[in-house]
Amino acid sequence: MKRKRESGSREVGLKIGWICGEYFLKLKHLHYGYWTEGLDVDIVNLRLAQEEYVKFLLSHIPDGVKTILDVGCGAGHLAQKLLSTGYAVDCVSPSAFLTEQTRKSVADQSEIFECGYEELETEKRYDLIMFVESFQYIDLPKAIANTERFLSAGGHMLICDIFKKEGPQKGRQSGGHELAKLFRLMETSSFALVEDIDITEQTAPNIDLLNDALERVGKPVAESISDFLADRYPTVFKLVSWKYQDELEKIDRKYSGGSRTGEQFRKFKSYRLLLYGKPVS
Ligand SMILES: C[S@@+](CC[C@H](N)C(=O)[O-])C[C@H]1O[C@@H](n2cnc3c(N)ncnc32)[C@H](O)[C@@H]1O
C-alpha cells in the first residue's frame with residue numbers, strides 16, 4: 001500500500017515526536033506529563049507522568065456521559081482507555097500517520113473522522129467532546145461553533161490544554177490560544193463554565209525536560225550532522241545554508257537563548273482543564 005504523506009510541519013513534528021517517544025520511552029500519548037508530588041522529574045518517569053495526566057482527565061468526566069468524541073486523538077490510546085472503561089468513543093484525526101496508529105488502538109470499535117475538526121460533518125451527537133492538547137491547533141470560533149453543534153443537549157465540552165496569558169510581554173514559546181479571548185467568546189456562547197482548574201505547576205516541568213533533551217541530545221546531534229555535511233559536501237552545504245539562512249536562524253532563536261524553560265512557561269502560559277456545559281434545552 002502506498003504510504004500517505006503527512007502535510008504541514010506541525011503534523012510532521014507530532015509524527016516524529018510520537019515515533020521517538022514510543023520507541024525510546026514507551027510513551028503512548030502525545031500530551032504532557034502531569035507531575036504529581038513525589039514523582040521525580042526525570043525523562044524516564046514521563047510515561048508515568050502521562051498516566052497521571054490520564055487519571056486526572058478521567059476523574060473530570062461528568063457523571064452520565066456515555067458517548068465521547070475525542071478531537072485530535074493522537075495515536076488513539078486515550079480513546080482505547082475510554083473504550084475499556086465503558087464509554088462509546090469516536091475520534092477526529094487530521095494526521096494520516098496518527099490515524100493509522102489510532103486504527104490499531106481502537107480497531108473497529110470507533111468511527112475515526114479523518115479531517116480537521118473545523119471540517120467535521122456528521123449527524124452524530126455526543127455527551128462529551130474532549131480536546132486533549134489539541135484545542136490549541138483548532139480555529140477558536142470554529143471549535144466553539146462545532147462543539148455547540150455536535151453536542152447533545154446537556155452535553156459537555158472538556159478542554160485540557162495550554163493557553164497564552166494576557167500581559168504586556170509575550171513569551172517566545174509558541175502555542176496556545178489566548179485564554180482571555182476564549183473566555184470572551186465562551187461568554188457569547190450558550191455554554192456555562194462548570195470547572196476551571198489551573199495545572200500549570202504540574203505541567204511546567206515538561207518544558208525543562210524538553211529543553212534538557214534538546215541541549216544535551218538534539219543540539220549536539222544536529223551540530224555533528226552539520227559538521228559532517230560541511231566537511232563532505234562543502235559547496236552544497238554553503239549553498240543550502242545561505243538559501244535557508246532565515247529559517248535556520250528562526251529555529252535557532254526558537255530553541256536556544258533560555259526561552260524554553262519551566263519558569264518562562266509559568267510566566268507566559270496557563271495550562272488549564274476547562275469543563276463547559278451546554279444547556280439542556
Ligand atoms: C499534541 S497532540 C495530542 C494528541 C492526543 N490528544 C494526546 O493527548 O496524546 C495534538 C493532536 O491534535 C491533532 N490536531 C491538529 N490539528 C487539528 C485539527 N485542526 N482538528 C483536529 N485535530 C487536530 C493532531 O493530529 C494530534 O492528534
Side-chain angles (χ1 to χ4, degrees), residues 4-22 25-34 46-58 60-61 68-83 87 89-106 110-122 126 128-147 149-150 157-163 173-177 199 202-203 206-207 209-210 265 269 271-274:
K4 276 196 196 167
R5 284 175 62 179
E6 239 22 279
S7 61
S9 60
R10 175 199 301 157
E11 290 305 335
V12 171
L14 289 171
K15 176 176 174 177
I16 294 172
W18 193 82
I19 291 172
C20 294
E22 204 252 351
L25 298 165
K26 305 277 173 274
L27 302 183
K28 290 174 160 185
H29 305 283
L30 271 164
H31 55 71
Y32 282 19
Y34 181 96
L46 184 54
R47 185 188 158 109
L48 286 176
Q50 285 193 334
E51 294 308 327
E52 289 297 333
Y53 184 112
V54 171
K55 272 192 227 160
F56 170 75
L57 264 183
L58 294 189
H60 291 278
I61 294 181
I68 299 179
L69 182 65
D70 181 3
V71 179
C73 60
H77 288 282
L78 178 65
Q80 187 185 47
K81 172 87 185 165
L82 293 166
L83 286 164
Y87 299 106
V89 186
D90 286 342
C91 302
V92 178
S93 175
S95 150
F97 174 78
L98 292 174
T99 301
E100 218 176 282
Q101 306 306 313
T102 301
R103 211 158 264 131
K104 291 183 204 157
S105 305
V106 302
S110 302
E111 181 169 1
I112 307 170
F113 300 103
E114 294 186 56
C115 59
Y117 188 53
E118 298 88 335
E119 289 89 46
L120 179 65
E121 285 300 335
T122 176
Y126 298 89
L128 178 71
I129 299 186
M130 62 198 303
F131 303 83
V132 181
E133 249 176 64
S134 56
F135 197 70
Q136 58 183 294
Y137 302 116
I138 303 170
D139 176 78
L140 197 45
K142 197 78 190 153
I144 299 169
N146 274 2
T147 305
R149 183 172 157 213
F150 298 125
M157 175 185 198
L158 195 157
I159 305 165
C160 204
D161 210 339
I162 301 159
F163 290 91
Q173 292 172 30
S174 58
H177 292 299
I199 57 164
Q202 291 87 342
T203 50
N206 294 287
I207 306 296
L209 284 180
L210 177 68
F265 185 79
K269 306 282 181 181
Y271 201 120
R272 302 290 256 264
L273 178 139
L274 296 160

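Computed from a predicted structure; not experimentally measured. All ligand and atom numbering here is 1-based and tracks the order in the structure.
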- request: Output yes when the distance from some N or O of ligand 1 to some N or O of Glu118 is under 3.5 Å, and no in every other case.
  value: yes
among protein heavy atoms, the one nearest atom 26 (C) of ligand 1 is Leu14 CD1, 3.8 Å
Residue, atom and distance of the protein heavy atom nearest atom 3 (C) of ligand 1 read Val132 O, 3.5 Å
re atom 9 (O) of ligand 1, the protein heavy-atom contact at minimum distance is Leu30 N, 2.7 Å
Contacts of Phe131 meeting ring-ring contact (aromatic ring centres under 6.0 Å, His included) (sequence neighbours excluded), chain-then-number -> Tyr117, Phe135
Ile138 heavy atoms within 4.0 Å reach ligand 1 at atoms 18 (C), 19 (N), 20 (N), 21 (C)
Minimal heavy-atom distance between Glu11 and Pro94, with the atoms involved, is OE2-CG, 3.9 Å
Nearest non-hydrogen protein atom to atom 17 (C) of ligand 1, with distance, is Pro94 CG, 3.6 Å
Quiz item: Donor-acceptor pair, Ser93 side chain versus Cys73 backbone, under 3.5 Å?
Solution: no
Contacts of Arg103 meeting side chain to side chain contact (heavy atoms under 4.5 Å, CB included) (sequence neighbours excluded), chain-then-number -> Thr99, Ile112, Glu114
Report task. Work out whether the distance between some heavy atom of Arg10 and some atom of ligand 1 is less than 4.0 Å. Result -> yes
- Task: Indicate yes or no for a side-chain donor-acceptor contact from Glu119 to the backbone of Gly116 under 3.5 Å, with no hydrogens or angles considered.
- Result: yes
Ligand 1 atoms nearer than 4.0 angstrom to some heavy atom of Gly74 are 4 (C), 5 (C), 27 (O)
the protein heavy atom lying closest to atom 16 (N) of ligand 1 turns out to be Tyr137 CB, 3.4 Å
Output for pair (Phe150 CZ, Thr122 OG1), nearest 0.5 Å, gives 6.5 Å
### Message
Could you check, using the six-membered ring where one of them is a Trp, whether Tyr271 and Tyr32 have ring centers closer than 6.0 angstrom?
### Response
yes
Note: Ser93, heavy atoms under 4.0 Å from ligand 1, region reported as neither
- Message: Using only atom types and a distance under 3.5 Å, with no angle test, would you say the side chain of Asn146 pairs donor to acceptor with the backbone of Ala143?
- Response: no
| query | Hey, is Arg149 close enough to Glu121 for a salt bridge, meaning N to O under 4.0 Å? | reply | yes
Q. Is there a donor-acceptor pair under 3.5 Å between the side chain of Arg47 and the backbone N or O of Leu27?
A. no
Of all protein heavy atoms, the one nearest atom 21 (C) of ligand 1 is Tyr117 N, 3.5 Å
Practice item. Output yes when a side-chain donor or acceptor of Asp90 lies under 3.5 Å from a complementary backbone atom of Glu111, and no otherwise. Key: yes
Could you tell me whether some N/O pair between Glu11 and ligand 1 is separated by less than 3.5 angstrom?
yes
(request) Return yes or no for this condition: an N or O of His29 is under 3.5 Å from an N or O of ligand 1. (result) no
TODO: Compute the shortest N/O to N/O distance between Val71 and ligand 1 and return yes if it is under 3.5 Å, no if not.
DONE: no
Any heavy atom of Leu98 under 4.0 Å from ligand 1? The part involved is side chain
*Are His177 and Phe163 close enough that their ring centres sit under 6.0 Å apart?*
no
Between ligand 1 and Gly72, is the shortest N or O to N or O distance under 3.5 Å?
yes
protein heavy-atom neighbour closest to atom 12 (O) of ligand 1 works out as Ser134 CB, 3.3 Å
Among non-hydrogen protein atoms, atom 8 (O) of ligand 1 lies closest to His31 CD2, 2.9 Å
Per-atom filter on ligand 1: closer than 4.0 angstrom to a heavy atom of Gly116 are 18 (C), 19 (N), 20 (N)
Any heavy atom of Asp139 under 4.0 Å from ligand 1? The part involved is neither
